[in-house]
Every structure is written in structure tokens, then in C-alpha cells.
Number of protein chains: 2
Amino acid sequence: MARKAANRRVGITDVAQRAGVSLASVSRVMNGNFSVDPEIAARVRTAAAELNYQPNAVGRSLALGKTDTIGVVVPDLANPTFQGMLRGVSRAAAQDGYRVLIADSSEVSSEESILAGEARRRCDGVVLCAPRMNEAELEALLPSLRPLVLVNRSTADTQTPSLVVDYGQGVQDLAAHLVEFGHTKLAFLEGPERSASNQARLQGLEKFRVDHPEVELSILPAGSSFEAGHGSVDGVLESGATGVLAFNDLVAMGLLSGLHERGIDVPGEISVTGFDDIPFANYTTPPLTTAAVPINDIGEQAWHEMRRLLGDGDLEPSHTTFQPEVRRRGSTGPAAG
Amino acid sequence: MARKAANRRVGITDVAQRAGVSLASVSRVMNGNFSVDPEIAARVRTAAAELNYQPNAVGRSLALGKTDTIGVVVPDLANPTFQGMLRGVSRAAAQDGYRVLIADSSEVSSEESILAGEARRRCDGVVLCAPRMNEAELEALLPSLRPLVLVNRSTADTQTPSLVVDYGQGVQDLAAHLVEFGHTKLAFLEGPERSASNQARLQGLEKFRVDHPEVELSILPAGSSFEAGHGSVDGVLESGATGVLAFNDLVAMGLLSGLHERGIDVPGEISVTGFDDIPFANYTTPPLTTAAVPINDIGEQAWHEMRRLLGDGDLEPSHTTFQPEVRRRGSTGPAAG
DNA sequence: CCTATTTCAGAAAACGTTTTCTCACAGCGA
DNA sequence: TCGCTGTGAGAAAACGTTTTCTGAAATAGG
């Protein structure tokens with residue numbers, strides 16, 4: 001039947017045949033190689049146009065040994081932080097003609113290594129973002145993932161470039177901001193247990209406790225979502241805290257919403273801080289005091305690191321730390337009483 | 001030097017050699033083909049494990065003629081709607097072992113066809129989301145993109161499955177909601193000119209004008225972002241409208257924020273509606289009345305359509321329309337006076 | 001015991017490119 | 001005129017798999 005023939009994709013062979021030249025010449029013309037007779041080049045080009053020839057990327061990748069694609073593995077595509085990060089990587093990579101393959105582990109840490117490995121096999125490199133897996137697992141995985149860029153997670157392996165945010169310092173800055181306002185009873189709404197950035201915050205708070213023995217600080221379990229914040233209103237009230245450090249902006253917004261429902265004034269009765277400065281933090285009521293993380297820049301930097309690795313790879317791996325910046329807004333104020 | 005040898009990726013050939021069998025056998029074992037001697041299978045498996053063999057996806061794709069990857073083209077990765085859509089596709093596709101390649105046209109409509117074509121060449125299919133290109137361009141592009149699923153855009157070509165939201169009806173419902181509250185002077189904050197969903201809203205409003213000749217309705221240019229809404233406060237006030245239909249939730253939130261800065265009470269003096277019901281719409285002050293679009297479901301459905309196409313493709317293409325649902329919240333109320 | 005059939009491993013072709021290698025031919029100097 | 005060099009086109013190898021094809025051995029049936 002004609003169907004078979006009609007369905008067959010037109011390849012470089014068809015173009016060569018039609019133009020009456022060899023495969024090699026077609027390939028040369030297509031790639032802008034100049035050492036080819038203009039007359040032949042023209043014939044090839046018209047043949048290609050007539051057949052509506054589209055080069056097959058897979059064949060090309062196999063011959064070239066590269067896919068011009070990198071994988072990005074994130075714990076949760078619903079999280080604005082990872083969305084911003086993804087966007088940063090994607091836009092920066094696009095500038096250099098690279099595409100991004102996404103993998104969302106849905107916060108299931110056991111999926112991460114599988115997803116990452118699979119991504120690596122399809123792509124030229126992997127950006128691993130805030131992996132939830134434990135250190136041992138991570139260490140074991142690293143070598144097979146190279147070229148690899150690690151975001152929001154550090155590791156003992158110094159060969160892997162990493163981009164981290166100094167969450168420990170950020171949370172201390174926020175706490176200090178509350179102390180300035182006269183708060184002496186604080187509460188921290190904890191994030192996902194396996195999140196390295198949560199651990200970093202906890203360590204920062206330990207340091208804070210040492211520096212401010214006069215301040216009472218309770219640690220309350222919450223999570224990383226809006227709902228987590230909304231659900232921890234009771235805990236916050238029980239703790240008696242007048243200043244609350246939420247794990248991130250989402251949690252803070254949930255808390256804000258919950259407090260509003262109870263008729264509790266923010267910042268009149270309770271001050272609330274977030275973390276990340278997601279696009280909406282500026283527009284809550286009251287606007288959220290938070291520690292800004294330049295997440296788009298981080299994504300962009302991640303790509304730049306990857307590009308370096310893809311280039312020659314003999315360069316020194318870099319380990320960049322980003323300092324969050326406190327944005328004082330309406331959700332924090334002087335302690336009551 | 002040893003370097004060359006060390007750097008060479010271990011392939012199926014190496015495994016075959018080590019196990020003392022042929023390539024074919026290794027391939028069979030790897031793919032769980034049972035017609036192979038258990039003893040040989042075991043030898044292959046240990047060899048593969050010892051060499052830490054990772055099959056090369058590109059070679060595999062070439063032989064199989066499929067990549068197990070689909071492309072998703074969106075106008076703007078920063079837009080929560082497209083983020084939700086992307087997430088829906090990604091999660092659903094992952095269930096079936098497919099991955100997603102993303103392409104962000106950054107609202108540059110001339111980039112779309114290039115990105116889409118490139119995505120198609122790398123992937124087994126493409127989901128084209130709210131393309132900004134004009135109808136002629138789209139029609140011309142469609143054939144070369146197949147298998148293709150179109151989201152938030154319809155076309156004369158009925159062979160392409162499409163998933164659209166009935167924005168026209170949605171905006172009429174919202175307008176009706178405002179009329180119920182006694183509003184007689186309305187304003188619509190328009191979205192991007194090239195957005196088909198913006199055209200759909202405009203058509204819906206034309207119909208609304210016919211049905212409600214007593215209502216005065218002005219159309220004001222704005223955009224699709226928070227900033228667009230924030231910047232159109234003046235226009236809204238000049239128009240004298242007491243009820244504002246924002247293009248989407250982002251615009252509505254921007255407007256809310258701008259009105260708040262001017263000390264204008266919502267909904268006391270002006271009622272505001274959004275569109276989409278993004279996750280944050282529930283938590284603005286006041287909570288935003290909006291028309292809910294099940295964007296995650298749409299993403300999921302888009303994958304299901306794609307899967308059908310990938311299956312045999314001889315099925316009837318489906319054209320699904322989603323009806324937005326009005327969520328009455330605090331940002332709308334009785335007209336003043 | 002011999003043939004017909006089945007089973008299963010290996011050889012080789014196929015997938016669609018790029019690139020190296022080979023070779024013919026033209027131009028040039030001696 | 002002869003050979004040498006340089007140019008550029010075609011043949012073929014390479015990339016790493018899967019799968020068809022081939023053929024040998026084993027098994028079953030008469």
C-alpha cells in the first residue's frame with residue numbers, strides 16, 4: 001500500500017537521492033560546511049525544501065554523542081521555588097541552544113535516584129535540585145550522574161559544583177529582625193524532615209539560641225505547603241510565641257490565612273516571617289516580611305555551571321553560596337505589650 | 001594514555017565481551033526476553049553489574065524509533081496557569097514512563113514555531129499550549145507537529161485533538177454574578193492581544209452586552225501579569241466602573257494591591273473578579289472571586305490525548321471543552337450606593 | 001535410528017545522522 | 001609534459017542499540 005511509503009519519515013537519504021548527490025554532501029550542506037560546490041548546495045537545499053526534510057535529532061545525537069539537553073530533577077513542581085529555579089535554568093539554557101527535560105519526584109525520595117539516573121541517560125547532564133535522599137545515597141549516586149550540578153544541597157564530594165543558599169544565616173537574620181522588634185518568644189515552623197535546607201535552618205537557629213539566650217524558641221513541625229501553615233495555627237497559639245518564623249513563604253501565607261480566620265491581628269498580636277520571597281509574598285495582607293532568595297539567578301547560575309562542565313570539565317568545580325536578604329514588610333512589627 | 005579508555009562509556013559491546021556472549025544476547029537479557037538460557041542470563045547480569053553498565057538511551061531510541069519523551073511548549077513559564085498545566089502533563093506522563101521536555105517561548109510568538117518544531121524533532125509528540133501565533137501560521141505548522149495536542153486554542157483543523165476552556169462563558173458568568181450584585185458599570189481588563197483566550201473572553205462579553213443592554217461595559221488594555229493589573233488602577237477609576245473583570249487572577253491581584261494602596265475598599269467601593277483560580281486566589285485580601293479552571297486536570301487530559309495518539313492514532317480526535325466554575329469569594333459584593 | 005521440528009545463540013542489518021577516509025580531477029610549478 | 005598539491009565529492013565506518021535472519025544443536029516423533 002501507499003500507506004507505508006507515505007508514513008515513512010523523509011530522511012537524509014531521500015534528500016540525497018532527489019538531489020542526486022551523496023549523503024555526505026547533504027549533511028555538509030545542512031551543517032553549513034562551506035567546502036561544497038554552490039550549485040550542489042542549491043540542489044540539496046531545494047530538494048530538502050521540496051521534501052520538507054526535517055533532520056532526525058536522535059540520529060544526530062547518536063553520531064555527535066550529545067543531545068543538547070539537560071535534565072532537571074526537582075522534589076515538587078508545585079512549589080514556586082522549584083518553578084522559579086526551573087524557569088531560570090530553562091531560559092538560560094535556551095540561550096545556548098540547550099533544552100530542559102524535567103523530572104518531578106513528588107517528594108518521594110526513593111524515586112529521586114531512579115529519575116536522576118534516567119534523566120542522565122537521556123541527557124548530557126543533570127541538575128539535581130534539593131534532593132531529599134540521604135547523604136550516603138547521594139554520594140553513591142554522584143559519580144554516575146556526572147556532569148552534575150547540585151542545587152540547594154551540599155555534599156562531601158567537592159568535585160561536584162554546588163549552588164546553595166545560606167538558609168542558616170537567613171533564618172538568623174529574620175530572627176534577629178524579630179528580636180529587634182522586642183519579641184522574646186519565637187516559634188519556628190519546620191519544613192520537610194528530609195530537606196537539607198530545613199536542617200540548615202535548624203542549625204542556624206541553634207546558633208541563634210546561643211547568641212540570644214534570653215529568647216525562648218520553640219520548634220513546631222509543619223511542612224512546606226500552604227496547608228501546613230494553615231494547619232499549624234493551633235500549635236503557634238499554644239506555644240505563646242509572638243513572632244513566628246515560617247519554613248517558607250507558602251507556610252507563612254497559610255499561617256497568615258489561618259490567623260486571619262481566627263481574627264488574630266498580624267502584626268499587632270503576632271508577627272510572621274516567610275522565606276524565599278516568592279512573587280506573591282509582596283501581595284499578601286499584610287505583605288510578608290521574608291528572606292529573599294534570588295531563585296531565578298540560581299537557576300541561571302546552575303546552567304552556567306553546567307555549561308562549564310559540558311565545555312571541558314577540567315576546571316575547578318565552584319561552590320557558590322547565596323546570601324538571603326531580609327525584606328522588611330508589613331507582617332512583622334513590635335511585640336505586643 | 002589510559003584516559004581515553006577510562007573515559008569511554010561502557011556499552012553493550014563491553015558487557016557482551018565480558019560475559020563471552022553476543023550483543024544480541026545481552027540485549028535480550030536486558031529487555032527481559034525469556035528465550036535465553038538462565039546460565040547465560042546470569043553471566044550477562046553479573047557482567048553488566050561489574051561494569052556498571054547503563055544502556056544508552058539515544059542508541060535505544062534510534063533502534064526503537066521512539067524517545068519516550070514529549071515536548072510541552074508554553075508561552076510563559078512564570079505564569080501559574082502554565083506551570084499547573086505543565087505539572088499536570090508531567091505527572092500524568094510519568095505514570096506511563098514518559099518524560100517531558102519543556103520549551104518556553106517567553107511570549108515571543110515568532111519563537112513558537114521554531115521551538116515547537118525543534119521539540120517535535122526530539123520527541124515523540126508535542127503539546128502546544130496557548131500558542132500566540134496567528135491562525136494561518138498555526139494551520140501551516142500543525143501537520144509537521146503531529147502527533148500534536150492543542151491546549152487553550154482551537155483551530156479549523158479537526159484532526160488535532162484540542163482541550164479548551166470556555167472562557168467566553170466563564171467571563172459571562174462572572175459578569176452575571178456582578179450584575180446580580182447590582183453593578184451596572186463594569187470594566188474588563190484585557191489580556192495579551194494575541195492570546196486566543198483573550199479573544200474568547202471578548203466574544204463572551206459581546207454576547208453579554210447583547211443580553212444586558214442596561215449594563216455599561218468598558219474594555220481596558222492591561223496584560224496578563226501582576227504588574228499589568230497594578231498599573232491599570234487609574235484606568236479603572238477613570239472608567240467609573242464599580243465591578244472589574246480582570247483578565248486573570250494575576251491581573252486581579254495586581255489590581256487589588258493597587259486599589260489597596262489608594263485606600264479604595266474592595267468590595268465596598270469596587271468589586272473585582274479574576275480568572276483561573278490559581279492556588280493563591282483563595283488567600284488574597286479579600287479572597288478573590290474567580291472562575292475556576294481545572295488546570296491540573298487539563299494537563300493530565302492533554303497527556304491522555306497524547307497517549308491515545310501515540311497508541312495507534314487511528315482514533316477519532318477528541319475536542320474537549322472545560323467549563324469554568326464561578327467561585328464566589330470576598331472580592332465581590334453589592335454595588336455601592 | 002533417522003528425519004522433522006523446535007529452541008536458542010550469534011551474525012548481521014537496521015535506525016539516521018556525522019565524519020573520516022579515499023580517490024578523481026583540476027590547477028600549478030618545474 | 002609530468003608530477004605534486006589542493007579541492008571537493010562519494011564511499012564507508014562509526015555512534016549504541018534492537019531485531020531479523022541464519023544456522024547449529026537438541027528434542028520429539030515415527
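What's counted below: heavy atoms across the whole structure, side chains too, no hydrogens, waters or symmetry copies. Letters A, B, ... are given to chains in the order of the sequence lines, protein chains preceding strands, and every chain is numbered from 1. Since we're looking at a predicted model, the values are computed, not measured.
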**Student:** So which pairs with a foot in residues 111-121 of chain B pass side-chain hydrogen bond (donor to acceptor under 3.5 Å, both in side chains), sequence neighbours left out?
**Tutor:**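 Listed by first then second residue: A/R99-B/E118.
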
**Student:** Could you list by number each residue of residues 43-52 of chain B showing a heavy-atom separation from DNA chain C of less than 4.0 Å, or answer none if no residue does?
**Tutor:**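 Heavy-atom contacts with DNA chain C come from no residue of residues 43-52 of chain B; none.
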
**Student:** Produce a footprint string for nucleotides 14-23 of chain C: one letter per nucleotide, 5' end first; B if the base is under 4.0 Å from any protein heavy atom, S if only the sugar-phosphate is, - if neither.
**Tutor:** -BBBBBB---

**Student:** Dump every N/O contact between nucleotides 6-8 of chain C and the protein below 3.5 Å, one line per pair.
**Tutor:**
none

**Student:** Restricting to pairs with a member in residues 25-39 of chain A, which pass salt bridge (Lys or Arg N to Asp or Glu O under 4.0 Å), not counting sequence neighbours?
**Tutor:**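 As it turns out, the salt bridge (Lys or Arg N to Asp or Glu O under 4.0 Å) pairs with a partner in residues 25-39 of chain A, which skip direct neighbours, are A/E39-A/R43.
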
**Student:** Which atom names give the shortest non-hydrogen contact between B/P317 and B/Q159, and what distance separates them?
**Tutor:**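 Closest pair (atom of B/P317, atom of B/Q159, distance): CB-O, 3.4 Å.
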
**Student:** Please name all residues satisfying ring pair (Phe, Tyr, Trp, His ring centres under 6.0 Å) with B/Y98, sequence neighbours left out, ordered by chain then number.
**Tutor:**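 B/Y98 satisfies ring pair (Phe, Tyr, Trp, His ring centres under 6.0 Å) with B/W303 once adjacent residues are dropped.
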
**Student:** Shortest non-hydrogen contact from A/I298 to A/L163?
**Tutor:**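 In terms of heavy atoms, the two residues are closest at O-CD2, 3.4 Å.
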
**Student:** Which heavy atom in B/V44 sits nearest to a heavy atom in B/V15, and how many Å separate them?
**Tutor:**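 Shortest heavy-atom contact: O-CG1, 4.0 Å.
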
**Student:** Please tabulate, one pair per line, all N/O donor-acceptor pairs under 3.5 Å involving side-chain atoms of residues 131-142 of chain B, not counting sequence neighbours.
**Tutor:**
residue	atom	partner	partner atom	Å
B/R132	NE	B/E107	OE1	3.0
B/R132	NH1	B/A130	O	3.4
B/R132	NH2	B/E107	OE2	3.1
B/N134	OD1	B/A136	N	3.2
B/N134	OD1	B/E137	N	2.8
B/E135	OE2	B/T155	OG1	3.4
B/E135	OE2	B/A156	N	3.4
B/E139	OE2	B/T155	OG1	3.0
B/E139	OE2	B/A156	N	3.3

**Student:** What pattern of brackets, bars and dots sums up DNA chain C from 5' to 3', given Watson-Crick or G-U wobble pairs under 3.5 Å, [ ] for crossing pairs and | for another strand?
**Tutor:** ||||||||||||||||||||||||||||||

**Student:** For B/T158, which residues count as a side-chain contact (heavy atoms from CB on, under 4.5 Å) partner, sequence neighbours excluded?
**Tutor:**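 If we apply the side-chain contact (heavy atoms from CB on, under 4.5 Å) test to B/T158, skipping adjacent residues, the hits are B/H319.
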
**Student:** Can you give me the closest heavy-atom contact between B/M85 and B/C129, atom names plus distance?
**Tutor:**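 Heavy-atom minimum between the residues: CG-SG, 3.8 Å.
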
**Student:** For A/I12, give me all partners under side-chain contact (heavy atoms from CB on, under 4.5 Å), at least two apart in sequence or on another chain.
**Tutor:**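 If we apply the side-chain contact (heavy atoms from CB on, under 4.5 Å) test to A/I12, skipping adjacent residues, the hits are A/L23, A/V26, A/S27, A/Y53.
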
**Student:** May I have all residue pairs that pass ring pair (Phe, Tyr, Trp, His ring centres under 6.0 Å) and include part of residues 56-90 of chain B, sequence neighbours excluded?
**Tutor:**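 For residues 56-90 of chain B: none.
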
**Student:** Does anything in residues 67-80 of chain B form a salt bridge (Lys or Arg N to Asp or Glu O under 4.0 Å)? List the pairs, not counting sequence neighbours.
**Tutor:**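 Only A/R91-B/D76, B/K66-B/D68 qualify under salt bridge (Lys or Arg N to Asp or Glu O under 4.0 Å).
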
